[in-house]
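Worksheet: the structure to be examined is printed underneath.
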2 protein chains.
Amino acid sequence: MEYAQLNALERLAGLLRNDQRRHATLSGLQMVHHDILDYLSRCNRYSDTLQAVAEYLGLTKGTVSQSVALLAEKGYIEKKPDAADGRIQHLCLAPAGQEYIWQSDVDTRSLFEEISVSPAYARVFGTILNDILWQIQARQGMKGFGMCRSCRHNKQQEDGTFLCGLTLEALTLEDTLKICREHEFAG
Amino acid sequence: MEYAQLNALERLAGLLRNDQRRHATLSGLQMVHHDILDYLSRCNRYSDTLQAVAEYLGLTKGTVSQSVALLAEKGYIEKKPDAADGRIQHLCLAPAGQEYIWQSDVDTRSLFEEISVSPAYARVFGTILNDILWQIQARQGMKGFGMCRSCRHNKQQEDGTFLCGLTLEALTLEDTLKICREHEFAG
DNA sequence: CAATTCTGTTTTGAAACGATACTATTTTTT
DNA sequence: AAAAAATAGTATCGTTTCAAAACAGAATTG
């Protein structure tokens with residue numbers, strides 16, 4: 001990938017970032033809160049724990065513990081104990097949290113929705129973006145926080161549904177698009 | 001622009017972000033320090049002030065003042081008083097700061113350099129990215145923090161050099177690619 | 001020259017953050 | 001089955017971020 005393209009991508013990422021920051025500030029939240037809520041909206045049910053959030057964001061669990069406590073107190077997050085493992089608490093988006101993410105999405109979309117990509121290029125653009133994402137996931141050490149779709153544990157079955165070979169649970173198509181902590185790239 | 005594309009873009013931006021965070025942490029810096037140094041490496045000589053940094057990052061000047069003080073103390077930034085205006089201090093990257101940005105760039109590049117975009121698509125991809133950037137700048141309220149290249153004050157002269165109609169100073173080609181606080185989109 | 005605007009600092013209190021130590025639960029080893 | 005190790009999360013400490021507000025100096029405006 002060429003330098004000019006990466007540069008443009010970085011600038012775009014920065015603009016997206018500033019947009020998210022503006023939205024977080026308006027809600028009286030810090031960026032890290034936005035990042036936490038955003039992750040929780042994208043991860044699957046095996047990856048919605050404090051530890052996973054900390055790993056994904058590159059923060060210590062102590063730090064995340066505090067921020068999550070605050071988010072829970074403010075009503076953005078609900079902690080639900082795991083049925084099988086007494087150590088684990090699942091972090092679920094409470095209504096206020098879902099509303100926040102939804103609003104953030106609407107805002108960002110409004111920045112981009114009127115951007116016109118010529119129809120001839122539109123499909124190529126989407127294809128390239130997803131191709132790059134796929135390749136990065138493949139490259140990024142094979143382990144952790146990829147989409148189930150590209151995970152070696154994920155198997156499509158005869159009837160079209162999916163099965164995770166690790167948890168032996170059935171997955172819907174939507175499930176396979178979420179971020180999983182146990183992700184291992186399907187070499 | 002379609003939803004799937006924006007989604008992929010957001011994911012990519014997130015991955016870039018995590019990469020930057022990792023690099024900042026390894027250098028013992030916070031994300032906000034990375035953002036400040038990154039901005040200073042991209043802005044022009046009219047936009048390297050504390051106030052401009054604060055506006056660009058959406059933080060208060062008090063906050064930025066403290067973080068800049070720390071960066072200066074650690075040797076990443078040098079404060080240079082303005083020749084004409086006694087209130088203004090220019091924030092310049094000291095050698096350590098340039099080294100940090102350079103390293104960060106190398107790291108990020110290494111994540112992307114082996115990503116192969118088929119040559120046929122490569123040019124299209126670059127074109128689309130820059131087109132999107134241009135359109136966002138046009139849309140984003142016309143004012144502030146765009147590249148001189150798209151600014152109405154920037155005029156190309158007969159000999160090929162550039163002139164800023166606001167400051168009446170000559171600009172090099174490189175200058176016109178930097179971020180300027182006074183940017184106004186050339187309708 | 002007085003009023004206002006602009007740039008930057010300082011202070012205060014809430015919260016982020018890393019480091020460390022800690023408890024509790026599960027898994028692995030012996 | 002008991003001991004050890006690994007895992008998930010909390011609590012506490014000191015430093016730093018962050019917003020808000022008060023502040024000081026320099027430039028501009030009237």
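Hydrogens, waters and symmetry mates are skipped; everything else that's a heavy atom, side chains included, is used. Every chain is numbered from 1, with letters handed out A, B, ... down the list of sequences.
- Listed by residue number, the members of residues 25-42 of chain A with any heavy atom below 4.0 angstrom from DNA chain C are A/Val32, A/His33.
- Side chain of A/Thr108 to backbone of A/Asp105: no donor-acceptor contact under 3.5 angstrom is found.
- The phosphate of C/dC17 (OP1 or OP2) has no side-chain N or O of A/Thr63 nearer than 4.0 angstrom.
- Note on B/Asp82 versus B/Arg87: no salt bridge recorded, every NZ/NE/NH1/NH2 to OD/OE distance being 4.0 Å or above.
- A salt bridge does not link B/Asp35 to A/Arg17: none of the charged side-chain nitrogens sits closer than 4.0 Å to a carboxylate oxygen.
- Among the heavy atoms of the strands, none lies under 4.0 Å from B/Ala52.
- No donor-acceptor distance shorter than 3.5 angstrom exists from the side chain of A/His183 to the backbone of A/Cys180, with no hydrogens or angles considered.
- A donor-acceptor contact shorter than 3.5 Å links the side chain of B/Ser41 to the backbone of B/Asp38.
- Side-chain N or O atoms of A/Ser47 include one that pairs as donor or acceptor with a backbone N or O of A/Arg181 at under 3.5 Å.
- Taking atom CG on B/Leu59 and atom P on C/dA16, their separation rounds to 15 Å, with Å as the unit.
- Taking a heavy-atom distance under 4.0 Å as the criterion, the stretch of DNA chain D touched by chain B extends 5' to 3' from D/dT17 to D/dA27.
- More than 12 heavy atoms of other residues, nucleotides or ligands shown are found within 6.0 angstrom of CD on A/Gln157.
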Nucleotide N/O of nucleotides 5-7 of chain C paired with protein N/O under 3.5 Å:
{"from": "C/dC6", "atom 1": "O4'", "to": "B/Arg87", "atom 2": "NH1", "distance (Å)": "3.4"}
{"from": "C/dC6", "atom 1": "O2", "to": "B/Arg87", "atom 2": "NH1", "distance (Å)": "3.1"}

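- Residue contacts for A/Ser67: at a heavy-atom cut-off of 4.0 Å it reaches the sugar-phosphate backbone alone, with no base atom in range.
- Judged by distance alone with a 3.5 Å cut-off, no donor-acceptor contact links the side chain of B/Ser65 to the base of C/dG8.
- In this structure, B/Gln66 atom CD and C/dA16 atom P are separated by 16 Å, rounded to whole Å.
- The closest donor-acceptor contact from the side chain of B/Ser150 to the backbone of B/Met147 lies under 3.5 Å.
- Formation of a donor-acceptor pair under 3.5 Å by the A/Thr127 side chain with backbone atoms of A/Arg123 is found in this model.
- Using a 4.0 Å heavy-atom criterion, one finds that B/Gly86 contacts the sugar-phosphate atoms exclusively.
- Here C/dG8 presents its C1' atom at 14 Å from CD1 of B/Ile77, a figure rounded to the nearest Å.
- Residue contacts shown for A/Ala84 are limited to sugar-phosphate atoms, with no base heavy atom under 4.0 Å away.
- Summary of the strand contacts: A/Leu70 and B/Lys79 both lie near DNA chain C, and taking for each the nucleotide with the nearest heavy atom, the more 5' one is attributed to B/Lys79.
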Salt bridge (charged side-chain N to carboxylate O under 4.0 Å, His left out) assessment of A/Arg152 paired with A/Glu182: CA-CA 10 Å; A/Arg152 70 179 184 83; A/Glu182 306 291 346; over 6 Å; no

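- For A/His34 and A/Tyr100, the ring centers sit closer than 6.0 Å to each other.
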